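Single-structure report; data block below.
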Amino acid sequence: MTHFMHFIEEKMTPLAHWMGGQRHLQALQNGFMSVLPLIFVGAVFMIIANPPVTAEMIADGGIASLFTGWYDFATQYKMTMLTPFNMTMGLLGLAVAFVIAYQLGKSYDMNGLTCGMTSLITFLIVAAPASYVQLVDESVSLMMSCTYLGAQGLFTAIILAICTVEITRFCEQHHITIRLPKVCPPALTESFNTIVPMLINIAIFFGMNLVIMNTMNGLTLPGLIEMILAKPISAVDSIPGTLLLCAFTLLLWCCGVHGNMVTMAVTTPITTAAFASNAALVAAGQAPVFHPIFMLMAMTFLGGTGNTFGFCLLAFARSRSQQLKAFGKVCIVPSCFRISEPVLFGAPIMFNPILMIPFLLNGLIVPVLYWIVCTLGIVTSPYLMISGTYPIFVSIFVMCLDWRVLLFVAAMIPLTVLIWYPFFKVYDNQLLEEETAQAEDPAAEIVNKENLKEEMVYEG
């Protein structure tokens with residue numbers, strides 16, 4: 001275990017730090033955080049339009065009958081209620097094209113607004129080119145396809161956002177811009193500086209799209225990107241791929257690195273697309289499907305990453321050592337809200353071979369069981385994307401609006417406690433022996449206090 005930890009610390013931690021600080025990956029992370037309000041608003045109207053009951057459940061009576069008014073309202077006005085959903089989640093790709101370019105441009109000290117606008121216009125031209133269509137009554141209308149404006153165009157939006165900013169940056173560095181005299185107002189100067197880079201971006205990607213459409217039987221640039229990325233995405237959004245991501249994330253946490261932040265740039269676009277796809281299915285009256293990438297969420301169901309709630313519960317109720325007793329009192333509430341940092345750094349789990357094992361086991365076993373119950377249809381697959389430190393049972397219920405998932409989560413609590421228990425006992429006894437030895441040897445206690453003071457001064 002020591003050699004393995006040394007390998008992780010020496011080889012993987014520098015890579016994780018690099019990924020966490022890489023400019024383009026940070027732009028992706030910050031960009032997706034910026035579009036969370038769109039996702040939340042869309043989710044609210046999706047909930048209103050899809051009550052968690054059916055006509056059969058209401059007819060059977062019981063608690064379901066309380067939702068009769070909601071069900072009747074949603075049935076009558078479903079299409080109306082889905083309009084805000086279609087104009088938020090349905091335009092997710094468009095929003096992502098703007099915010100990622102904006103964030104990346106700001107990181108280069110460029111004008112973020114003009115970078116975002118260039119990316120947005122270029123994305124629209126490539127993903128949803130407007131064209132005139134003659135209708136049955138022989139009138140002509142200007143129409144555009146919305147297929148790639150939502151989640152289906154996310155990866156095109158990401159690629160175009162990065163490419164347009166880099167092309168604009170190249171133009172500015174090599175003075176391929178319209179330069180006005182210094183006496184001109186700064187706002188006017190910046191506007192004219194944008195003209196040539198925007199023209200070059202549009203010419204490149206519009207021309208590329210035309211070439212692809214005329215040489216590949218009508219396939220567009222977004223369609224080509226979707227086809228190229230299909231295999232890599234399917235590798236990540238697969239059972240083995242997602243389990244490897246779970247294990248990698250957990251191992252990074254064991255080394256003191258925020259694993260979720262490191263992998264977010266890779267997982268967020270895939271997760272967002274999966275949620276949007278399921279939301280569209282539910283909006284169309286179909287059942288959502290399980291995407292393996294959802295297993296990453298199950299890694300945090302109980303107490304945050306690694307499902308650490310069982311350990312906090314044991315520390316709170318069953319610990320004999322003073323250290324774990326104090327720890328349990330402090331960490332039990334954050335753990336109920338799925339905040340795991342106090343456990344990871346306070347127990348600590350990182351660099352602790354005793355606690356790392358159940359941490360890894362719980363972080364992998366619960367996702368596998370979640371995959372099984374969703375695949376078998378025992379629990380409805382999630383289709384409403386929410387984010388935040390909601391209590392243990394709340395977030396997962398809102399994601400699927402299926403009361404059966406509450407039973408699943410409840411069943412996972414004793415299972416995770418059982419996995420944590422033997423390792424908790426070993427660690428608790430180890431701390432108890434150390435505390436007993438210190439109580440019997442005052443000199444050792446004094447030395448320990450002095451060391452603690454030195455650490456506090458160093459940290460301060």
Side-chain angles (χ1 to χ4, degrees), residues 23-47 49 81-108 110-130 144-168 194 198 201-202 205 209 220-223 225-226 229 233 264-280 282-283 293 383-388:
R23 185 189 304 273
H24 298 86
L25 296 182
Q26 279 190 333
L28 259 69
Q29 293 174 5
N30 295 333
F32 274 101
M33 289 179 186
S34 300
V35 298
L36 282 177
L38 283 180
I39 296 171
F40 285 151
V41 171
V44 169
F45 284 93
M46 173 61 77
I47 292 172
M81 289 295 100
L82 287 177
T83 299
F85 169 80
N86 292 328
M87 301 307 293
T88 50
M89 287 290 289
L91 298 178
L92 191 61
L94 192 66
V96 165
F98 178 86
V99 295
I100 290 179
Y102 176 85
Q103 295 291 344
L104 183 58
K106 280 179 58 181
S107 72
Y108 281 126
M110 297 165 62
N111 188 314
L113 189 61
T114 56
C115 286
M117 186 169 61
T118 301
S119 173
L120 185 145
I121 297 300
T122 306
F123 176 73
L124 269 176
I125 291 174
V126 169
M144 59 192 297
S145 171
C146 298
T147 302
Y148 290 105
L149 294 183
Q152 197 170 343
L154 272 180
F155 289 97
T156 302
I158 293 169
I159 292 170
L160 286 182
I162 293 173
C163 290
T164 54
V165 171
E166 293 298 341
I167 291 171
T168 303
T194 307
M198 182 182 288
N201 274 298
I202 291 174
F205 291 105
N209 198 41
T220 60
L221 178 59
I225 291 172
E226 190 177 26
L229 293 178
I233 291 172
M264 183 185 292
V266 176
T267 60
T268 301
I270 300 173
T271 305
T272 305
F275 269 105
S277 174
N278 273 358
V282 173
I293 200 70
Y383 59 91
L384 295 171
M385 187 174 181
I386 65 169
S387 179

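Only this structure's heavy atoms are used, side chains among them; waters, hydrogens and symmetry mates stay out. Predicted model only: the values in this text are computed from it and were never measured. Residue numbers run from 1 in the order of the sequence given.
In this structure, L82 and A49 approach most closely via the heavy-atom pair CD2-CB, 3.9 Å. Across all their heavy atoms, N209 and I125 have their closest contact at ND2-O, 4.3 Å. Residue L149 comes nearest to A128 through the heavy atom pair CD2-CB, 3.8 Å, listed as atom of the first residue, atom of the second, then distance. In this structure, L384 and F275 approach most closely via the heavy-atom pair O-CE2, 3.4 Å. Closest of all the heavy-atom pairs between V35 and A95 is CG1-CB, 4.0 Å. What you find for G93 and A157 is that their closest heavy atoms are O-CB, 3.3 Å.
The closest donor-acceptor contact from the side chain of T164 to the backbone of A161 lies under 3.5 Å. Looking only at distances, no side-chain donor or acceptor of S119 sits under 3.5 Å from a matching main-chain atom of G116. Between the T271 side chain and the T267 main chain, a donor and an acceptor come within less than 3.5 Å of each other. Remark: side-chain polar atoms of S277 are not paired, donor with acceptor, to backbone N or O of A274 under 3.5 angstrom. A side-chain donor-acceptor contact under 3.5 Å links R23 to the backbone of S107. Between the side chain of N30 and the backbone N or O of Q103, no donor-acceptor pair lies under 3.5 Å.
The distance from atom OG1 of T122 to atom CD1 of I167, rounded to the nearest 0.5 Å, is 8.5 Å. Residue L113 holds its CG atom at 11.0 Å from NZ of K106, rounded to the nearest 0.5 Å. In this structure, CZ in F40 is found 11.0 Å from CG in L38, a value given to the nearest 0.5 Å. A distance of 5.5 Å separates CG of L92 from CD1 of I39, quoted to the nearest 0.5 Å. For the atom pair CD1 of I158 and CG of L104, the computed distance is 12.5 Å after rounding to the nearest 0.5 Å.
Within 6.0 Å of atom OH in Y102, 12 or fewer heavy atoms from other residues, nucleotides or ligands are found, so the atom counts as exposed in its surroundings.
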Q: Kindly determine whether L120 and L94 satisfy side chain to side chain contact (heavy atoms under 4.5 Å, CB included), including the steps that lead there.
A: CA-CA 6 Å; L120 185 145; L94 192 66; 4.0 Å; yes
**Q.** Residue pair H24, E166: steps toward the side chain to side chain contact (heavy atoms under 4.5 Å, CB included) verdict
**A.** CA-CA 10 Å; H24 298 86; E166 293 298 341; 2.8 Å; yes
Q: Apply the test side chain to side chain contact (heavy atoms under 4.5 Å, CB included) to residues M89 and M385: give CA-CA distance (whole Å), side-chain angles for both, the deciding distance (0.1 Å), then the verdict.
A: CA-CA 10 Å; M89 287 290 289; M385 187 174 181; 5.7 Å; no
Q) So F205 and L160, side chain to side chain contact (heavy atoms under 4.5 Å, CB included) or not? Walk me through it. A) CA-CA 9 Å; F205 291 105; L160 286 182; 3.4 Å; yes
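For the side-chain contact (heavy atoms from CB on, under 4.5 Å) with L28, the lone residue among V99, V96, I162 that qualifies is I162.
Applying the side chain to side chain donor-acceptor pair (under 3.5 Å) test to pairs two or more places apart or on separate chains, none has a residue in residues 83-93. For residues 145-160, the set of pairs meeting the side chain to side chain donor-acceptor pair (under 3.5 Å) definition, not counting sequence neighbours, comprises S145-T147, Y148-E226, Q152-E226.
By the 4.5 Å heavy-atom criterion applied to side chains, L124 and M144 are counted as neighbours. Within the 4.5 Å cutoff, no side-chain heavy atoms of V126 are placed close to those of T220.
Residues N201 and T168 have side chains that bring a donor and an acceptor to within less than 3.5 angstrom of each other.
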